[in-house]
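Working notes for the structure below.
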Amino acid sequence: MQTKALEFEQYDQLQDDACAQRILAAKQSLGKRAVILAHHYQRADVYRHADLTGDSLKLSFLAGQTDADYLVFCGVHFMAEVADMLSSPEQIAILPDMSAGCSMADMASLSKVERAWQELSEIFDPDEIITPVTYINSAADLKAFCGTHEGIVCTSSNAGKVLEWAFSQREKVLFFPDQHLGRWSGHQLGIPLEEMAVWNFDEPMGGLTPEQIKKAKILLWKGHCSVHQMFQPQHIIRFRNQHPDGIVISHPECSFEVCKLSDYVGSTEYIIKTIAAAKSGTRWLVGTELNLVSRITEEFKSQDKIVQFMSPMVCMCSTMARIDPQHLAWTLENLVNGNVVNQIRVPPEEAGLAKLALDRMLKIS
Ligand code: 13P
Ligand code: SF4
């Protein structure tokens, strides 16, 4: 039964404890009709309510497999878009706060990528020469661009495999929006740094000469994650001086220098699994978002593992943190009342094209 939608203002001042109780009650009344998915960076007071958790790749698979009516996505906007595209048309994806975006995803827009493609066509036919690869941290219209131009999506856990596939199709790659993931993954495949050029989308021709473009195997979009750029080589050097037996693990959105100095580099899921599988008594320095590191610091204490955050600064995904218990309670109680708020709906034509690029990725993952 549908009633008038509840306004968020009624929830804004709600105390966290009261929110937690109301979330639990709403979940119970919705039963299997709603599933809460949460990314590993989600704040603890929301993460504790999740039914399914994971990195971007795992959450994409899970979104495609659940048969709940409502997929309440506690992550950022592009993740809820992926959930919408990979679930069936009757299922409804919801983002509890519409302002939970990804600042890296916002660094590439369809108009800027189309302009780059147009500029590249002055040198060669990009559709013949280049496979466009978009990191999953991008808007649906960029995934649709990759679908249209025989390109593909990647996540931080399959970027290497995806690049191999991309090079099996064409001789060059345009990688957007994260230059760091592109550079690290290219380096892992043995591509020399001199054959990777940064495409500065604010300058004509990406700020590159035709010779630089012809020489490049990978054109790296000049985007980055503001959270991961806070981790610096000196943080690792200081840790190694203090703890010569310590182990360093970083997310590939960190700079090339940080990845190079790390013992392990991988996605959020990889980071958790690697530390979980380590011997007790080990000490870890972790270069990724603070909510995740704080959670595993607590979790692995009982196994006598010391897990430290890489930066002395607070590096949180502040946009993901906008999904707070108040927004989650508001979303769920509206569903209990038969009202859908904050639905994420990718237009069908765009979703169809984006799915081509997503399905190529899922097939090789
Ligand atoms: P993962 O795919 O490793 O979860 O990373 C997503 C992300 O946005 C990291 O900043
Ligand atoms: Fe985007 Fe960075 Fe947040 Fe990941 S941590 S969702 S890349 S802003």
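All ligand and atom numbering here is 1-based and tracks the order in the structure.
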| remark: Counting heavy atoms under 4.0 Å, the part of Met104 that contacts ligand 1 is neither
| message | Using a 4.0 Å heavy-atom cut-off, which part of Tyr270 comes near ligand 1: side chain, backbone, both, or neither? | response | neither
| query | Would the Phe256 and His180 ring centres measure less than 6.0 Å apart? | reply | no
| request: Check which protein N, O or S atoms are less than 2.8 Å from atom 3 (Fe) of ligand 2 and report how many there are. | output: 1
Please list, one pair per line, the donor and acceptor atoms closer than 3.5 Å that link side chains of residues 216-224 to other protein atoms, with sequence neighbours excluded.
from	atom 1	to	atom 2	distance (Å)
Lys217	NZ	Glu171	O	3.2
Trp221	NE1	Met107	O	3.1
His224	NE2	Gln229	OE1	3.4

| request: Look at Glu211 together with Lys215 and state whether they make a salt bridge at an N to O cut-off of under 4.0 Å. | output: no
| Cation over ring, Lys112 on Phe201, under 6.0 Å and within 45°? | no
| note | Quick note on ligand 1: atoms under 4.0 Å from a heavy atom of Ser267 include exactly 3 (O)
| field | Any side-chain donor near an acceptor of the partner, Ser56 and Thr155, under 3.5 Å | value | no
| request: Pick one of side chain, backbone, both or neither for how Glu253 approaches ligand 1, counting any non-hydrogen atom pair under 4.0 Å. | output: side chain
| request: May I ask you to list the atoms of ligand 1 that are less than 4.0 angstrom from any heavy atom of His228? | output: 10 (O)
| Taking atom types as modelled and ignoring hydrogens, do the side chains of Gln326 and Asp16 form a donor-acceptor contact shorter than 3.5 angstrom? | yes
| Between Ser56 and ligand 1, does any nitrogen or oxygen pair lie at a separation below 3.5 Å? | yes
| message | As a quick check of understanding, evaluate side-chain contact (heavy atoms from CB on, under 4.5 Å) for Val198 and Arg183, giving each step before the final call. | response | CA-CA 9 Å; Val198 174; Arg183 188 178 291 108; 3.3 Å; yes
| said: Using a 4.0 Å cut-off to any heavy atom of His251, which atoms of ligand 1 qualify? | reply: 1 (P), 3 (O), 5 (O), 9 (C)
| message | Tell me whether Asn137 has any N or O atom under 3.5 angstrom from an N or O of ligand 1. | response | yes
| For ligand 1, which atoms have a heavy atom of His39 less than 4.0 angstrom away? | 1 (P), 4 (O), 5 (O), 6 (C)
| field | side-chain contact (heavy atoms from CB on, under 4.5 Å) partner of Ile249, chosen from Thr288, Ile272, Ile271 | value | Ile271
| said: Below a 4.0 angstrom heavy-atom separation, can you tell me which part of Thr268, side chain or backbone, both or neither, approaches ligand 1? | reply: both
| task | Mind running side-chain hydrogen bond (donor to acceptor under 3.5 Å, both in side chains) on Ser88 and Glu90 for me, showing each step along the way? | result | CA-CA 6 Å; Ser88 67; Glu90 311 75 54; 3.2 Å; yes
| query | Which ligand 1 atoms does Tyr41 reach within 4.0 Å, using its non-hydrogen atoms? | reply | 7 (C), 9 (C), 10 (O)
| Using 30° and 60° as the class limits, which term best fits the ring planes of Phe309 and Phe231: parallel, tilted or perpendicular? | perpendicular
| field | Tyr70 six-ring centre to Arg33 NZ/CZ under 6.0 Å and within 45° of normal | value | no
